[in-house]
Chemist: 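Structure below; questions to follow.
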Amino acid sequence: MCMVIFAPLFAIFAFATCGGYSGELRVSVDCANKTQSDLRVDIAISYPFRLYQVNFDAPTCEGKRREKLSLLGDFSSSAEFFVTIAVFAFLYSLAATVVYIFYQNKYRENNRGPLIDFIVTVVFSFLWLVSSSGWAKGLSDVKVATDPDEVLLLISACKQQTTKCTSVRGPVMSSLNTSVVFGFLNFILWAGNIWFVFKETGWHASGVQRYPHETTEKQSSSYNQSLNQGVYSQDNYGQTPGFNQQQGGYGQQPSLGQTGGLGQQNYNQAQYNQTGPTAFGNQI
């Protein structure tokens with residue numbers, strides 16, 4: 001939900017603060033001859049920061065002749081790349097929002113929607129990081145190239161000792177600084193959304209189903225092993241009660257047939273015991 005709400009807004013702020021920028025700097029050239037001076041040399045800069053195409057006129061302090069100069073540098077590649085990523089991220093966020101709300105069933109059909117969403121999210125996270133880092137470096141170079149003190153070095157009249165050149169004001173870069181901040185915020189937002197999109201893919205579902213199955217098998221095998229050990233211990237240590245039980249069985253009252261046989265055996269043994277010593281005594 002946070003992705004659906006903040007991604008389009010952050011993308012709008014990113015490309016609006018960068019792509020809609022325009023600024024101006026001013027320098028003054030005070031010649032020895034005051035009639036040749038120009039105290040308001042204004043230089044306008046704007047997106048996409050092709051500074052070599054920014055031209056301005058400056059006095060030469062040699063009569064009424066003026067020289068046409070231009071700033072140095074071309075930083076359009078990093079700025080345009082940043083704005084392009086912001087625009088495409090905004091469009092994709094709007095499309096994803098529409099799909100999430102109105103086409104949820106088709107989005108989850110065959111697990112194709114979450115997989116595409118996951119891949120696109122990873123790609124945009126990487127692109128936001130690259131574009132924001134590149135634009136941050138480009139912005140620092142733009143600040144150097146548009147510094148009024150650096151611009152004064154381009155004016156030939158400022159190299160004369162009799163000419164007094166000063167910087168009146170520099171361009172306001174607060175909106176460009178804001179664009180860099182929003183660029184990295186977009187990276188954090190998209191990178192943080194990778195996990196939530198991954199949870200909707202079949203890869204996460206298959207992993208969740210696989211690992212609990214292995215855990216169940218481990219628990220089952222551990223339970224069976226413990227059960228087998230318990231049975232083995234019962235068989236080893238439970239033999240004595242069984243033996244006693246068998247002895248107890250021998251000590252039970254015999255059946256009727258067994259009683260007669262045992263009685264005959266006891267009678268013969270008693271007769272043997274009686275005659276044995278008698279016969280031995282007769283022999284003596």
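Note that the structure is a prediction, hence the values are computed from the model and not measured. For reference, positions follow the sequence shown, starting with 1.
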Chemist: Indicate whether any N or O donor in one side chain lies under 3.5 Å from an N or O acceptor in the other, for E67 and S156.
Modeler: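 The criterion, which ignores hydrogens and geometry beyond distance, is satisfied for S156 and E67.
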Chemist: Suppose we screen for side-chain contact (heavy atoms from CB on, under 4.5 Å). Which residues come up paired with L127, at least two apart in sequence or across chains?
Modeler: F81, I85, V123
Chemist: Give me the one residue out of I155, T166, D38 that meets side-chain contact (heavy atoms from CB on, under 4.5 Å) with V27.
Modeler: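 Answer to the side-chain contact (heavy atoms from CB on, under 4.5 Å) test with V27 among I155, T166, D38: I155.
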Chemist: Examine distances only and state if a side-chain atom of S140 and a backbone atom of K137 form a donor-acceptor pair shorter than 3.5 Å.
Modeler: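 Yes, because the side chain of S140 sits within donor-acceptor range (under 3.5 Å) of the backbone of K137.
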Chemist: Checking the side chain of N186 only, and the main-chain atoms of F182 only, is there a donor and an acceptor separated by less than 3.5 Å?
Modeler: yes
Chemist: Go through the steps to decide whether E150 and K143 satisfy the test salt bridge (Lys or Arg N to Asp or Glu O under 4.0 Å), and finish with yes or no.
Modeler: CA-CA 10 Å; E150 294 293 329; K143 290 180 179 179; over 6 Å; no
Chemist: Compare all side-chain heavy atoms of S70 with those of F56 and state whether any distance is below 4.5 angstrom.
Modeler: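 No, their side chains stay 4.5 Å or more apart.
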Chemist: Does S125 use its side chain to pair, donor to acceptor, with the backbone of W190 at less than 3.5 Å?
Modeler: yes
Chemist: Got a sec: does the OH of Y103 have more than 12 other heavy atoms crowding it under 6.0 Å?
Modeler: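 No, the 6.0 Å shell around OH holds no more than 12 heavy atoms from other groups.
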Chemist: Would you mind listing every side-chain hydrogen bond (donor to acceptor under 3.5 Å, both in side chains) that reaches into residues 7-27, with sequence neighbours excluded?
Modeler: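 Every side-chain hydrogen bond (donor to acceptor under 3.5 Å, both in side chains) pair that includes a residue of residues 7-27, provided the two are not neighbours, is E24-R169, R26-D42.
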Chemist: Is the backbone N or O of G183 less than 3.5 Å from a side-chain atom of S132, with the two atoms forming a donor-acceptor pair by type?
Modeler: yes
Chemist: Indicate the atoms forming the closest heavy-atom contact of V197 with P114, along with that distance.
Modeler: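 Here V197 and P114 meet closest at CG1-O, 3.9 Å.
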Chemist: Under 3.5 Å, is there a donor-acceptor pair between the side chain of S78 and the main chain of G138?
Modeler: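 Between the backbone of G138 and the side chain of S78 there is no qualifying donor-acceptor contact (under 3.5 Å).
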